[in-house]
Amino acid sequence: LRVVGPVFVCFAVVLISGVVYSWFTFVLPVIAPPGSVLWTIYIIVAAWLTFNVFWNYLITVVTPPGAVPHDYEDPLPRDPESQLDMREEKHP
């Protein structure tokens with residue numbers, strides 16, 4: 001089962017790359033003439049979105065599941081009596 005994770009990651013990268021390739025190759029030339037101002041704007045926006053999709057996917061893949069940052073502070077108190085008091089305040 002440890003092989004399935006990297007296979008799905010590669011599959012997702014191939015799918016995202018296919019969509020990006022289709023956008024730049026087939027859709028963009030139809031909606032804006034190459035070299036126009038509108039085409040340049042579409043290129044910039046599409047490149048920015050593509051970068052963000054791949055960057056966020058990379059960060060998602062390399063972050064261990066269930067990891068808590070070392071500087072995390074729990075907003076709720078840990079003692080049961082304090083939690084009971086908080087529940088009573090919400091529901092009088």
Which donor-acceptor pairs under 3.5 Å do side chains of residues 24-40 form with protein atoms, sequence neighbours excluded?
unit_1, atom_1, unit_2, atom_2, d
T25, OG1, Y21, O, 2.8
S36, OG, P33, O, 2.8
S36, OG, W39, N, 3.2
T40, OG1, S36, O, 3.0

Would you list the atom pairs, donor with acceptor, under 3.5 Å between side chains in residues 45-65 and any protein atom, with sequence neighbours excluded?
unit_1, atom_1, unit_2, atom_2, d
T50, OG1, A46, O, 2.7
N52, ND2, W48, O, 3.1
N56, ND2, N52, O, 2.9
T60, OG1, N56, O, 2.7
T63, OG1, I59, O, 2.6

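Its side chain within the 4.5 Å cluster rule, L15 clusters with F11 among the Ile, Leu, Val, Met, Phe, Trp and Tyr residues. Summarising the hydrophobic clusters (Ile, Leu, Val, Met, Phe, Trp, Tyr; side-chain heavy atoms under 4.5 Å, direct or chained), the residues clustered with V7 are V3.
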